[in-house]
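For reference, the structure is listed below as structure tokens.
Order of listing sets the numbers, starting from 1, for every ligand and every atom in it.
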Amino acid sequence: MTSDHAADLTSETLEARARRHLWLHFTRMSSYQGNDVPVIVRGSGQYVYDTRGKRYLDGLSGLFVSQIGHGRAEVAEAGARQATELAYFPLWSYAHPRAIELAERLAVLAPGDLNRVFFTTSGSEAVESAWKMAKQYFKTIGQPSRFKVLSRDIAYHGTSMGALAITGLPDIKTPFEPLPPGGVRVPNTNFYRAPGFVADDLNAFGRWAADEIERAILREGPDSVAAVYLEPVQNSGGCFPPPPGYFARVREICDRYGVLLVSDEVICAFGRLGYYFGSQRYGYQPDVITFAKGITSGYAPLGGMIVSDRLMEPFGAGPATFLHGVTFAGHPVSAAVALANLDVFEKEDLLGKVRANEGAFRATLEKLTDLSIVGDVRGDGYFYGIEMVKEKATRETFSDEESERLLRGFLSHALYDAGLICRADDRGDPVIQLAPPLTCTQEHFDEMEQILRSVLTEAWKLI
Ligand SMILES: Cc1ncc(COP(=O)(O)O)c(C=O)c1O
């Protein structure tokens, strides 16, 4: 940068400076050539504010993160206090008090014998760490041929090379091929678009989808499969809750073939579904839970995996060492923030509130089904997807060109302009995703419904 340019900087708007220097994630940067980059400067409760002071309802908790909402001084102060006391120390060979306290607290909250916590800084690192742990675990116990990982079509499990190999979205993988070998896809749990032979029977659909996992294990060779990665509610594609019996059957299949069940709860943990962990809502016992996002409500970055005693056993004896680590994992400030975040959960009974209010949230969103463009409203807890269709009766979806015009050309901007942060997504069929802070109540549900109603009504006129 030249010194003239540096001198100019302060006189430019933040939007212009963002356009010049900032590289936004998963963003078509050319779309901002003639438009302002949205700049969010402040948050308070369920709302965030832009540079002009305009208010937006944060219907996506940032990115499925801000469970307790914005602007909580007590959580920020916990981070500041920790930075003053001990800003940083690694978890390589050493421990520090906040990581110990947080690991212990997570072990108490997690289901069954998930008692060992390995911290990371993000969800992708958590997903990747679980794969590496599974591979090394099987080598250590004398099953070295197990390395493959099954996951669902469309499922997003992160962007680092290993996590991307587990992700089931071809478009975001192709530019980075070849990826690490071993990622195997199984069908998603999209009942709205279930194959004809199970389309009328949710239970049969769930059995079929779970049995597809068994078929994939047999096809690949059971001795080659290390783990199955599943989200409690599958996010990308638009919130697919598990059909009844799905996870019980998957658990049986995993046990039959000695395959690990990894519950990727990067979104679904910490109250999103009204429980600390999504697996608790649906009553299944994973071997590993991966988490990130809501553990700190975004006041600092943190992720990790919680591992069963059984998996830890070979690493706790003799010379075995999990040969993996990350400099900032379990950062003291993030761990202190996570503990303060969990204190808020307890003090305000956020899990109880989600469970009490989720019916009202669902009922409010379901009002939108009177619109021609709304094909399906699905989800659980404070986590919903609204699928848009061209024709409701036949469930016909939009062509790529229509989807581009509808989502990128109109909906994303229109919803933002109307004051709602949410996500218009076409990684599967076109959906709008909602995952608001867990403190939202009826007034916020109504505000979401009203904005969606008016913007979707306009969108329909463009089709
Ligand atoms: C289920 C799931 N796994 C992993 C990730 C990756 O997390 P991160 O973006 O923190 O790397 C995400 C991110 O949204 C996710 O939804």
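In terms of the salt bridge (charged side-chain N to carboxylate O under 4.0 Å, His left out) criterion, residue partners of R105 (sequence neighbours excluded) are, by chain and number, D343, E346. Shown here are the salt bridge (charged side-chain N to carboxylate O under 4.0 Å, His left out) partners of R185, two or more places apart in sequence or in another chain: there are none.
With a 4.0 Å heavy-atom cut-off, ligand 1 is reached by no atom of A292. Residue contacts with ligand 1 for F64 are absent, since no atom lies close enough (heavy atoms, distance under 4.0 Å).
In plain terms, the two heavy atoms of T397 and P430 that are nearest each other are OG1-CD, 3.3 Å.
The closest approach between K293 and ligand 1 falls below 4.0 Å for a heavy atom of the residue.
Under the side chain to side chain contact (heavy atoms under 4.5 Å, CB included) test applied with I68, the options N341, L342, L438 reduce to a single match, N341.
Within ligand 1, counting atoms from 1 as listed, the ones closer than 4.0 Å to a heavy atom of S122 are 10 (O), 11 (O). Within ligand 1, the atoms closer than 4.0 Å to a non-hydrogen atom of I267 are 16 (O), numbered from 1 in the order shown. Listed by number with element, the atoms of ligand 1 under 4.0 angstrom from any heavy atom of G123 are 6 (C), 7 (O), 8 (P), 10 (O), 11 (O). Those atoms of ligand 1 that come under 4.0 Å of a heavy atom in E231, given as number and element, are 1 (C).
Nearest protein heavy-atom neighbour of atom 3 (N) of ligand 1: D264 OD2, 2.8 Å. Here the protein heavy atom with the shortest distance to atom 15 (C) of ligand 1 is V266 CG1, 3.7 Å. Among all protein heavy atoms, the one lying closest to atom 9 (O) of ligand 1 is S124 OG, 4.4 Å.
Taking the ring axis of Y49 as reference, the NZ or CZ atom of R55 does not stay both within 45° of it and closer than 6.0 Å to the ring centre. R251 forms no cation-pi arrangement with Y284, by the criterion of a distance under 6.0 Å to the ring centre and an angle within 45° of the ring axis. A cation-pi contact, defined as under 6.0 Å to the ring centre and within 45° of the axis, is absent between R272 and Y382.
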